[in-house]
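Chain letters run A, B, ... following the sequence lines, proteins first and then strands; every chain starts at 1. What you are looking at is a predicted structure, and each value in this text was computed from that prediction instead of being measured.
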2 protein chains.
Amino acid sequence: MDQVAEAAGVSRATVSRVINGAPSVDAKIREMVQRAIAETGYVPNVAARSLVTRRSNSVALVISEPDRPDNHSFLNRIFTDPYFGRITAGATGALRPHDIHLVVIPTDSTDHHQVIRYLRQGHVDGVLLISSHEQDTLPRQVHELGIPAVVSARPTSPIAVSFVDVDQRLGARLAAERLLTRGCRRPATISGPLDIPSGLDRLDGFRSFLAQRGFTDVPAVEGDFTRAGGEAAARRLLAEHPELDGLFVASDLMAEGALRAVQDLGRRVPDDLAVVGFDDSSAALDCRPLLTTVRQPVEEMAAEMAEVLMAHIATPGRLPRSVTFQPTLVVRDSA
Amino acid sequence: MDQVAEAAGVSRATVSRVINGAPSVDAKIREMVQRAIAETGYVPNVAARSLVTRRSNSVALVISEPDRPDNHSFLNRIFTDPYFGRITAGATGALRPHDIHLVVIPTDSTDHHQVIRYLRQGHVDGVLLISSHEQDTLPRQVHELGIPAVVSARPTSPIAVSFVDVDQRLGARLAAERLLTRGCRRPATISGPLDIPSGLDRLDGFRSFLAQRGFTDVPAVEGDFTRAGGEAAARRLLAEHPELDGLFVASDLMAEGALRAVQDLGRRVPDDLAVVGFDDSSAALDCRPLLTTVRQPVEEMAAEMAEVLMAHIATPGRLPRSVTFQPTLVVRDSA
DNA sequence: CGGAGCCGTGAGAGCGCTCTTTCCCACATT
DNA sequence: AATGTGGGAAAGAGCGCTCTCACGGCTCCG
């Protein structure tokens, strides 16, 4: 930087001003400095800058999942699930124009303390926290740290933190309505894990809407948001309730598996059994027949999380805000 | 840090020694310092440390893909493809024990300069570069930067950089052998994009092995490593060559699509037509019948990339090294 | 014509750490 | 008793930047 200053015949302070785009620099001098920068090939040292500005220009994407028996499959599951992929894509897209980078940190409860330590050290300016399961203590811990944070769903315990969510119950209702509209009279559902709020909300939303319409004792089987889990759940459900004619599956991945099971068992979709998924991920298009599903705009939601986080970073005292997205029904062939 | 030093009745230097685990500190003093750290809740400032050590303890995972018409789908495609997911999982797993974090940076040629700028600024200690397409200039640019780097495949132009790859031709040969063993006499292939070395190598390896065994003019159609692409390619292939009885598809994702097309067209798999994939990704288990495929240990390869990179970071002058993994055949139901 | 006000620049004090150098003291050696 | 030896702690100089504050020179107004 001294070299640049000397080459341009100005002081270090002026070089700094030019680099940071301060408006109060004379156009001629600005140009001279820029030429000097180009000639010397000068690149600012980010560590030195961070030291004084207290900014790192990066944020963490912390993906908190329940413990897994083995670490390998844990990582693999996370990074292979299209849901997390869409989150990453959405967040990256929103952050990039602001030149903010993303540090991806998967975690389960066994290494919460490492994550917390990382965050405390000031590596990042804020956190996007993807946490779904009920008992997860990480949102609270992060909140207590005082670092800017946005969570991916309404926290289960009431903490004053910003979050972005989709109206889960409305989504479930859209699915239920679609099934009824098609003429289904024996609806059932494969839910997500019931220790996850979104799993619970979708189940509850589905059932309570149907109850209003006079359908009680709607069968439900708990799934685990994987294809294999969906397939197994569908087999179980049809074994116990062969009369079913409509099925709401709480994720597209599970729906893909369920569709397979249903067809293996000789049911035609949608004629014998109509199936509605949830997510509208790429998996919906991998199904045959193409999956009718409830669209959750995951990329937009992640982008919104990023925007809210950046706002928090820019103005520290800012009050938490929550944003709820509306799901929509995407009608294809399966229902 | 001054507070800690005062609380422990020592100097800042000693606190630093304790934090960095210097062996030459008296046990009693060490303990006092640690107590002081705990009491004050002191956390070292990483920016200040980086400023003097010239280390950031993070590395970039740069995923370089060809230009896409629209940015949105570009990000989505990358983060949804299980191949990149496996890479991320493998790299994360290897880096975590060393407390090194991963900054994920997707890029196409339109923003190479941004990536280069980011790297030059010293945000990261090194780069894991995932670059597949032939004309990609990024590997060379990164190499010229002089920053420690490891590339995911043999660079197309000969630059002195470390890389990790799988023996693509051997993999293709394993597939060919399997088809012949099953008794196929009319083999064909759906290749990857031919401007990607791995695509080319698999095609070439397949054909040249078959040529040795007397099979010439083996039909091939170019695919694009997506499910939809695989499906379309299979339809084209079977329309032109209805007599086929064996098919090597250069990625599991494409194989999944191809399988669908083949079965839609009334062929039974594997009886009428045997299908072998490539990758052994989770997609292989989503196929029906379960996909016989060539296993590429992507997670291990990514982990190895990370190890090599850390070695380069630790000892700067180190000569480039390349590691080639052996693929294996995983026999399931489709061939 | 003198002083107030403003714009643009320079000087210099840190930001919080590491690491080399220096120093002290206890103990061994002659 | 004087000198040598070495382990362990302290002192202090940076690392490369930003940002406040002071100041010089200009315009403008009374």
Side-chain angles (χ1 to χ4, degrees), chain A residues 1-37 40-58 99 117-125 147 313-314 316, chain B residues 1-37 40-58 99 117-125 147 313-314 316:
Chain A
M1 194 166 182
D2 274 317
Q3 287 178 28
V4 175
E6 190 173 357
V10 298
S11 72
R12 254 185 16 255
T14 301
V15 176
S16 176
R17 284 189 194 98
V18 170
I19 289 170
N20 295 301
S24 69
V25 180
D26 187 276
K28 281 171 193 154
I29 294 198
R30 179 193 311 276
E31 212 170 303
M32 290 185 55
V33 171
Q34 270 155 353
R35 194 157 38 232
I37 289 174
T40 54
Y42 166 75
V43 178
N45 175 313
V46 288
R49 174 179 290 172
S50 289
L51 180 57
V52 35
T53 58
R54 264 94 226 301
R55 280 287 170 72
S56 67
N57 284 321
S58 54
D99 241 305
R117 186 164 53 88
Y118 181 80
L119 298 179
R120 288 188 59 189
Q121 290 189 124
H123 280 102
V124 292
D125 299 333
I147 182 175
I313 292 170
Chain B
M1 195 166 180
D2 274 317
Q3 288 177 28
V4 176
E6 190 172 358
V10 299
S11 73
R12 257 188 10 259
T14 302
V15 177
S16 176
R17 284 188 199 99
V18 172
I19 289 170
N20 295 301
S24 68
V25 180
D26 187 276
K28 282 171 192 155
I29 294 198
R30 179 194 309 278
E31 212 171 304
M32 290 186 56
V33 171
Q34 269 156 354
R35 194 158 38 234
I37 290 175
T40 54
Y42 167 75
V43 178
N45 176 313
V46 288
R49 174 179 289 171
S50 289
L51 180 57
V52 34
T53 59
R54 265 96 225 300
R55 280 286 170 74
S56 67
N57 284 322
S58 55
D99 240 305
R117 186 165 54 87
Y118 181 78
L119 298 179
R120 288 189 59 190
Q121 290 188 125
H123 281 102
V124 293
D125 299 333
I147 181 176
I313 292 171

Does the side chain of R12(A) get closer than 4.0 angstrom to OP1 or OP2 of dT9(C) through an N or O atom? no
Tell me the interatomic distance from D26(B), atom CG, to dC25(C), atom C1', rounded to whole angstroms. 14 Å
Within less than 4.0 Å of OP1 or OP2 of dG10(C), is there a side-chain N or O belonging to T14(A)? yes
Check the distance between dG8(D)'s C1' and M32(B)'s CE and give it to me in whole angstrom. 15 Å
Taken to the nearest whole Å, CD/Q121(A) to C1'/dC15(C) is 17 Å
L51(A) has an atom CG; how far is it from atom P of dC15(D), in whole Å? 14 Å
Taking the minimum atom-to-atom distance to the side chain of V52(B), which one of dG14(D), dG10(C), dG16(D) wins? dG14(D)
A47(B) backbone acceptor or donor facing N45(B) side chain under 3.5 Å: yes
Over how many whole Å does the gap from D2(B) atom CG to dG16(C) atom C1' extend? 9 Å
Does dT18(C) have OP1 or OP2 sitting under 4.0 Å from an N or O in the side chain of S16(B)? yes
Main-chain N/O of S56(B) paired to D125(B) side chain as donor or acceptor, under 3.5 Å: yes
Quick one: label V10(B) by what it contacts on the DNA or RNA (base, sugar-phosphate, nothing), any heavy atom closer than 4.0 Å. sugar-phosphate
Value rounded to 0.5 Å, distance of CZ in R49(B) from CG in L51(A): 13.0 Å
Nucleotide dC17(D), atom P - distance to CG of N45(B) in whole Å: 17 Å
Can you measure R55(B) atom CZ to dC15(D) atom C1' for me and round it to whole angstrom units? 15 Å
Assuming nearest nucleotide by heavy-atom distance, tell me which of R54(B) and S11(B) is located more 5' along DNA chain D. S11(B)
Round to a whole Å and report the spacing from CD of E6(A) to P of dG10(C). 13 Å
Can you check whether any acceptor in the base of dG10(C) is under 3.5 Å from a donor in the side chain of R17(A), or vice versa? yes
So N20(B), base contact, sugar-phosphate only, or nothing? Heavy-atom distance under 4.0 Å. sugar-phosphate
May I have the step-by-step check of salt bridge (Lys or Arg N to Asp or Glu O under 4.0 Å) for R17(B) and D26(B), ending in yes or no? CA-CA 11 Å; R17(B) 284 188 199 99; D26(B) 187 276; over 6 Å; no
Measure the spacing between CZ of R12(B) and OG1 of T14(B) and express it to the nearest 0.5 Å. 10.5 Å
